[in-house]
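Below is one structure; the comments refer to it alone.
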Amino acid sequence: MAPRKKLKGLVAATITPMTPDGKINLPVIRQYVDYLVNEQNVKNVFVNGTTGEGLSLSIQERKQLAEEWMCQGKDKLDHVIIHVGALNLPECQELARHAAAMGVDGIAVIAPFFFKPTNKDELVAFLQKVASEAPEVPFYYYHIPPLTGVKIRVEELLDGIKAQIPTFQGVKFSDTDLLDLAQCIHKNETGEFEFLYGVDEQLLGALALGASGAVGSTYNYLGRQTNLMLQAFAKPDFALAQQYQFLTGEFLNFVIKLGFGVAQTKALMTSVSGIPMGPPRLPLVDASRQK
Ligand SMILES: CC(=O)N[C@H](C=O)[C@@H](O)[C@H](O)[C@H](O)CO
Ligand SMILES: CC(=O)C(=O)O
């Protein structure tokens with residue numbers, strides 16, 4: 001694998017813009033890229049994940065979105081990571097090959113969650129079959145047990161992973177188990193792996209443990225603020241970093257009480273950015289219409 005550029009800064013989990021009648025709204029992505037770069041100072045994206053309703057899209061739609069992000073992000077974005085996870089291996093592999101052919105900066109895969117892997121070996125076997133379809137592309141395991149129900153500890157998964165998945169680059173860690181995260185980082189003495197944290201309201205805690213970065217939905221509209229938190233942490237000015245984390249916390253605590261999810265993220269982003277993100281796809285329902 002060729003030496004890769006290092007992932008720096010926040011990664012926005014992209015929203016999938018849709019038209020009022022529920023089709024993918026590709027022409028909006030150009031404006032979306034400019035908004036992230038110019039207004040939020042966010043130059044990395046994670047496409048077709050949770051926030052992007054990746055598992056609610058057809059394979060064709062996922063390919064179109066990946067292509068559009070690569071095309072519009074050219075010379076503007078630093079890293080485009082494509083989530084290629086699905087419930088069946090052939091689709092994951094097809095998406096991995098498609099992403100690799102476009103020269104993406106990384107691919108990520110969630111654990112399949114209908115028939116679930118019951119132990120580390122089963123999970124790694126699945127991931128390996130996807131990663132090997134993109135032998136030049138950095139590979140991330142996307143750990144999100146609250147949604148997949150697959151609770152295999154990442155710390156366990158890391159043992160010997162490079163031997164099975166030579167492209168293994170790290171983990172998008174979307175769980176509140178900071179013990180597991182800490183043990184991963186502790187094991188990663190040589191710093192060969194990246195741990196991108198995915199619970200935005202707790203990012204500061206993860207940074208204190210040594211997380212390498214963050215992927216999340218809130219960086220679409222709180223990217224600028226969160227960048228200030230990262231700067232304060234790096235300085236280090238922990239009191240200031242805490243103030244920024246408290247701000248995000250206060251905001252999220254408020255919206256979580258009202259019911260916060262991808263539908264609400266779409267409505268919120270539409271009003272903050274002025275970019276029409278449209279309704280979500282069923283089973284999610286339009287939050288701008290909810291009473
Ligand atoms: C479940 C989910 O969507 N998690 C996102 C990323 O992993 C986060 O960015 C959250 O949206 C965010 O932390 C708010 O809870
Ligand atoms: C939030 C996140 O990282 C995702 O949408 O996949």
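In listed order, ligands and their atoms are each counted from 1. All figures in this text were calculated on a predicted structure; none of them were measured in a lab. Counting begins at 1 with the first residue of the sequence.
Using a 4.0 Å cut-off between charged nitrogen and carboxylate oxygen, Asp159 and Lys120 do not count as a salt-bridge pair. Under a 4.0 Å N-O distance rule, the pair Lys266/Glu53 qualifies as a salt bridge. Salt-bridge formation is not detected for the pair Glu91/Arg62: no Lys NZ or Arg NE/NH1/NH2 atom is positioned less than 4.0 Å from an Asp or Glu carboxylate oxygen. Look at Arg224 and Glu39 and you find no salt bridge, because none of the NZ, NE, NH1 or NH2 atoms lies under 4.0 Å from a carboxylate O.
Sequence neighbours left out, the pairs with a member in residues 124-134 that pass side chain to side chain donor-acceptor pair (under 3.5 Å) are Arg97-Glu133.
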Atom pairs and distances, ligand 1 N/O vs protein N/O under 3.5 Å:
unit_1: ligand 1; atom_1: 7 (O); unit_2: Lys172; atom_2: NZ; d: 3.0
unit_1: ligand 1; atom_1: 7 (O); unit_2: Ser174; atom_2: OG; d: 2.8
unit_1: ligand 1; atom_1: 7 (O); unit_2: Gly198; atom_2: O; d: 3.1
unit_1: ligand 1; atom_1: 9 (O); unit_2: Asp200; atom_2: OD1; d: 3.0
unit_1: ligand 1; atom_1: 9 (O); unit_2: Asp200; atom_2: OD2; d: 3.0
unit_1: ligand 1; atom_1: 9 (O); unit_2: Ser217; atom_2: N; d: 2.8
unit_1: ligand 1; atom_1: 9 (O); unit_2: Ser217; atom_2: OG; d: 3.3
unit_1: ligand 1; atom_1: 11 (O); unit_2: Ser217; atom_2: OG; d: 2.7
unit_1: ligand 1; atom_1: 13 (O); unit_2: Asp200; atom_2: N; d: 2.9
unit_1: ligand 1; atom_1: 13 (O); unit_2: Asp200; atom_2: OD1; d: 3.4
unit_1: ligand 1; atom_1: 13 (O); unit_2: Glu201; atom_2: OE1; d: 2.7
unit_1: ligand 1; atom_1: 15 (O); unit_2: Glu201; atom_2: OE1; d: 3.4
unit_1: ligand 1; atom_1: 15 (O); unit_2: Glu201; atom_2: OE2; d: 3.0

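Listed as neighbours of ligand 2 are Ala13, Phe46, Gly49, Thr50, Thr51, Tyr142, Lys172, Val215, Ser217, each bearing a heavy atom under 4.0 Å from the ligand.
By the neighbour-count criterion of 12 heavy atoms within 6.0 Å, atom NZ of Lys187 is densely surrounded, having more than that number from other residues, nucleotides or ligands.
Cation-pi geometry between Lys172 and Phe46 is met: under 6.0 angstrom from the ring centre, within 45 degrees of the axis.
Gln164 contributes no side-chain N or O that, together with a main-chain N or O of Ile161, makes up a donor-acceptor pair within less than 3.5 Å.
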Side chains of residues 247-259: which donor-acceptor partners sit under 3.5 Å, not counting sequence neighbours?
unit_1: Thr248; atom_1: OG1; unit_2: Tyr244; atom_2: O; d: 3.0

